[in-house]
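In what follows, a single structure is set out as structure tokens and then discussed.
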Protein chains: 4
Amino acid sequence: MNPRSVRAHNDVLAATIALLDEGGLPAATVDAISARSGVSKATIYKHWPNRTAVAAEAFGRRMADAMPLPDTGNARDDLAEQVRRVSAFYAGRHGLVFAQLLAATVADPEAAPFFRQFFLDGRRQAVAVLWDRALARGEVKSSVTVETAIDLLFGPLIFRLLTGHAPLTVAEADAIAAAALTGLLA
Amino acid sequence: MNPRSVRAHNDVLAATIALLDEGGLPAATVDAISARSGVSKATIYKHWPNRTAVAAEAFGRRMADAMPLPDTGNARDDLAEQVRRVSAFYAGRHGLVFAQLLAATVADPEAAPFFRQFFLDGRRQAVAVLWDRALARGEVKSSVTVETAIDLLFGPLIFRLLTGHAPLTVAEADAIAAAALTGLLA
Amino acid sequence: MNPRSVRAHNDVLAATIALLDEGGLPAATVDAISARSGVSKATIYKHWPNRTAVAAEAFGRRMADAMPLPDTGNARDDLAEQVRRVSAFYAGRHGLVFAQLLAATVADPEAAPFFRQFFLDGRRQAVAVLWDRALARGEVKSSVTVETAIDLLFGPLIFRLLTGHAPLTVAEADAIAAAALTGLLA
Amino acid sequence: MNPRSVRAHNDVLAATIALLDEGGLPAATVDAISARSGVSKATIYKHWPNRTAVAAEAFGRRMADAMPLPDTGNARDDLAEQVRRVSAFYAGRHGLVFAQLLAATVADPEAAPFFRQFFLDGRRQAVAVLWDRALARGEVKSSVTVETAIDLLFGPLIFRLLTGHAPLTVAEADAIAAAALTGLLA
DNA sequence: CAGTAACCGAGACGGTACGTCAAGTCTTTCT
DNA sequence: AGAAAGACTTGACGTACCGTCTCGGTTACTG
């Protein structure tokens, strides 16, 4: 890959992250990204199909390393802790950006793959590790797929994040995790 | 309330529903709604803060009667059936509009109350009826709040609807319902 | 005339004058006049054809008494003094409103008669008195009509007021009056 | 300057002139100009602060060449002829547009510089040439400034144009010119 | 002095244009 | 030749004010 391209790519992502931090997704205008990064709009559109894709990659890339997996040696505690952490993340200052990004993805299907690739897949895999570990130990029902487990554990959080119909406190997260785990543990 | 206002209000909602059906949320432009309904833009903006709110009310109002509650006389079956129905709705031709609306609500917090009022609240109450009925019969855990139950049952569906990371088939809906209900039933 | 109508009429004019003073013609919105006066918009439109007419009558009525005629016993001085006074008026805090009103009259021919009736005619007549007095004394050329005299004396002021291409100081007014009077005096 | 910008600029002015001819200033809507010229509204607003400015430049630019200077070799005749020409212009089919433009300029101070630059300045300079020529020949009073002369000669015409209180016939123009020139000639 | 007709206040509505914004495309110019 | 710069089109936004209209309730004239 052309080193100039690499440079441009990175500059764009860095600028985008900065803008997302400052004003959320609405602030991450293509013009703003271009101005901040010094990379021209035309070039940006050569690397990504649209602005949502840029934001998805930028934000997802950063989140990748931001959330280490718990390892208490016990499936229930591992998963419950993970739910708690994700809930805290959603409730924290980056939660809104995540929600905005997810929302933008709906309105703009072309960006969905980027969101999945750079954001969902990584986190999904992380949880899959926990799940497989638990499965190996026989702590969880083998009849339940990882997919179902993940949706059951994190779907409720997403639901709350998006609609804001109920708070995302630690207590709430624990209640959700507890109920969900009853259906998942062996 | 002024009969002229009532008339205008209804005309707008009718036009909006038609547009949503034809082209989803992106088609429900305020200009288009105005043109189709014969109600002026200024008037629309006197009744609603922005276009998302209009769409939310229009769509929510219609959905209200579109989904009758199951009553099999048995909590497990009632709730599982409801999950199946909601899943089918999401998977059907109105699912996309619902997703778009939910997404728009995130980008436009001013419209959120409308979405909640005309869409979530009604459905939430419907399920609450099921839940209370089950609670009265002692079929579900009294330690679990309705809120948690609802999120656990429907959050996963919403999650899938939005990210499209997994299908919304009947089988999937049943798997989710089964797992969730294990954590909810007494 | 119905006393209620008289009341409404006066209230509207009073409110309009207040608004003109506060924010010039742009502030004298029909809505604002209605709100301030307590007279409904419908009623206002029963009395006047449009908002410019209202403003013209309001402003003109007030100006009528605001400018007494000079009487030095000498045509040259009378007329020069009048030019000076009108110039000062235009340069003063009401000048802008006058200009705005005159301008509005162009864009809205329906209001022109009101402007003429309540504003120009009165002032024109006032100067005509001076002119006739001078004519009787043989101080001015009988070959010049009052119309021409008036235009020559005050047209330049209006020109400057509208375009702002030159100041409206006392010195300038005197220079104009001096030059014009050379062509008018016998 | 970017050739694309030049193109857009010219196209806008051409479309505006056409619209002014067809329906006067009220027809020169920004939307109409945009549609007619094929230049987008956004671009128009990058070149001009508002629609009045566009109209002023368009109209003024055209007028520049439309009125050649008289040169009879005699100040009195030159100036009288110029007054007659300007009067005829005001009375003609473009007079209304000029008046509307002048009026719009009052209501919209942001456009005033455009009006002055593209309209007044040019014509003012033209007359200044006449004046200087006459001054050099000693035909006019050196005590009178060009400004005063111009205002005295053309102010009355503007006054009549705007208020319509008196006609703008050739005879009237001559009467005004005659009276004014008496005050201006040596 | 009662009844009717004219008038009014309140305020919503249709219409027209405004000026703004961001997305994504396309041209020109520089390196 | 390829990227940067940046101007352009498109399409919608939300706002402002105009002048019209409907409604319900008062006021003033009239028989």
Side-chain angles (χ1 to χ4, degrees), chain A residues 2 4-5 7-8 26-35 37-46 48-52 108, chain B residues 1-9 11 26 28-35 37-52 108 110, chain C residues 1-8 11 26 28-35 37-52 108 110, chain D residues 1-9 11 26 28-34 37-52 108 110:
Chain A
N2 188 320
R4 286 177 82 186
S5 297
R7 178 78 200 281
T29 302
V30 179
D31 285 293
I33 295 172
S34 172
S37 66
V39 173
S40 84
K41 282 174 69 175
T43 303
I44 294 176
Y45 279 105
K46 252 173 223 148
W48 293 272
N50 53 49
R51 78 163 196 141
T52 310
D108 182 357
Chain B
M1 196 175 179
N2 190 319
R4 288 177 81 189
S5 298
V6 173
R7 177 81 200 279
H9 200 96
D11 288 357
T29 305
V30 178
D31 284 300
I33 295 172
S34 173
S37 66
V39 173
S40 81
K41 278 174 70 176
T43 301
I44 295 176
Y45 279 107
K46 254 173 221 147
H47 288 244
W48 294 273
N50 52 50
R51 77 174 195 133
T52 309
D108 183 357
E110 224 176 332
Chain C
M1 195 173 180
N2 189 317
R4 288 177 80 193
S5 297
V6 173
R7 176 81 199 279
D11 287 356
T29 305
V30 180
D31 285 293
I33 295 172
S34 172
S37 66
V39 173
S40 81
K41 282 174 68 174
T43 303
I44 294 175
Y45 280 104
K46 255 172 220 148
H47 290 244
W48 293 271
N50 52 50
R51 75 163 197 142
T52 309
D108 182 356
E110 222 176 336
Chain D
M1 195 174 179
N2 190 317
R4 288 177 82 191
S5 298
V6 172
R7 175 83 199 279
H9 200 95
D11 288 356
T29 301
V30 178
D31 285 297
I33 295 171
S34 172
S37 66
V39 173
S40 80
K41 278 174 69 177
T43 301
I44 295 176
Y45 279 106
K46 254 175 219 143
H47 289 243
W48 293 273
N50 52 50
R51 77 173 195 132
T52 309
D108 183 356
E110 224 177 334

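Every chain is numbered from 1 and lettered A, B, ... according to where its sequence line falls, protein lines coming before strand lines.
Between the side chain of C:Thr29 and the backbone N or O of C:Ala32 there is no donor-acceptor pair closer than 3.5 Å.
The shortest distance between side-chain heavy atoms of C:Trp48 and C:Glu110 does not fall below 4.5 Å. Using a 4.5 Å heavy-atom threshold, the side chains of D:Ser5 and D:His47 count as touching.
A donor and an acceptor atom sit less than 3.5 Å apart, one in the side chain of A:Lys41 and one in the base of E:dG24. Side-chain atoms of C:Arg4 come within donor-acceptor range of the base of F:dT26, with a qualifying N/O pair under 3.5 Å.
The nearest whole Å value for the distance from the CD atom in B:Glu110 to the C1' atom in F:dT15 is 14 Å. Atom CG of B:Asn2 and atom C1' of E:dG9 are 14 Å apart (whole Å). Per the geometry, CD1 belonging to C:Ile44 stands 14 Å off P belonging to E:dG11, to the nearest Å. Straight-line distance from the NE2 atom of B:His9 to the P atom of E:dG14: 14 Å, rounded to whole Å. Atom pair C:Arg7:CZ and F:dT26:P shows a separation of 17 Å (rounding to whole Å applied). Separating the CH2 atom of A:Trp48 from the C1' atom of E:dG24 is a distance of 16 Å, rounded to the nearest angstrom. Atoms CG (B:Asn50) and C1' (E:dC21) sit 16 Å apart, rounded to a whole Å. When rounded to the nearest whole Å, the span between CG of C:Asp31 and P of F:dT15 equals 16 Å.
Relative to the side chain of C:His47, the nucleotides F:dG19, E:dC8, E:dT29 differ in distance, and E:dC8 lies closest. Among the nucleotides E:dC13, F:dT9, F:dA12, the one closest to any side-chain atom of D:Thr43 is F:dT9. Taking only side-chain atoms of C:Ala42, from C-beta outward, the nucleotide of E:dG14, E:dG11, F:dT10 with the closest atom is E:dG11.
With DNA chain E read from its 5' end, the first of the two nearest nucleotides for D:Arg51 and B:Lys46 is the one closest to B:Lys46. Each of C:Ser34 and B:Ser40 lies near DNA chain E, and the nucleotide nearest C:Ser34 is the one positioned closer to the 5' end. Nearer the 5' end of DNA chain F, as judged by each residue's closest nucleotide, is the contact made by C:Pro49, out of B:Pro3 and C:Pro49. Heavy-atom nearest nucleotides on DNA chain F were determined for B:Tyr45 and for C:Ala28, and the one closer to the 5' end corresponds to B:Tyr45.
When heavy atoms are screened at a 4.0 angstrom cut-off, D:Val30 is found touching the sugar-phosphate backbone but no base atom. In this structure, A:Thr29 reaches the sugar-phosphate backbone alone: every heavy-atom distance under 4.0 Å involves primed, P, OP1 or OP2 atoms, never a base.
Rounding to the nearest 0.5 Å places NZ of A:Lys41 at 11.0 Å from CD1 of A:Ile33.
The heavy-atom pair separating B:Asp108 from B:Asn50 by the smallest distance is OD2-ND2, 2.9 Å.
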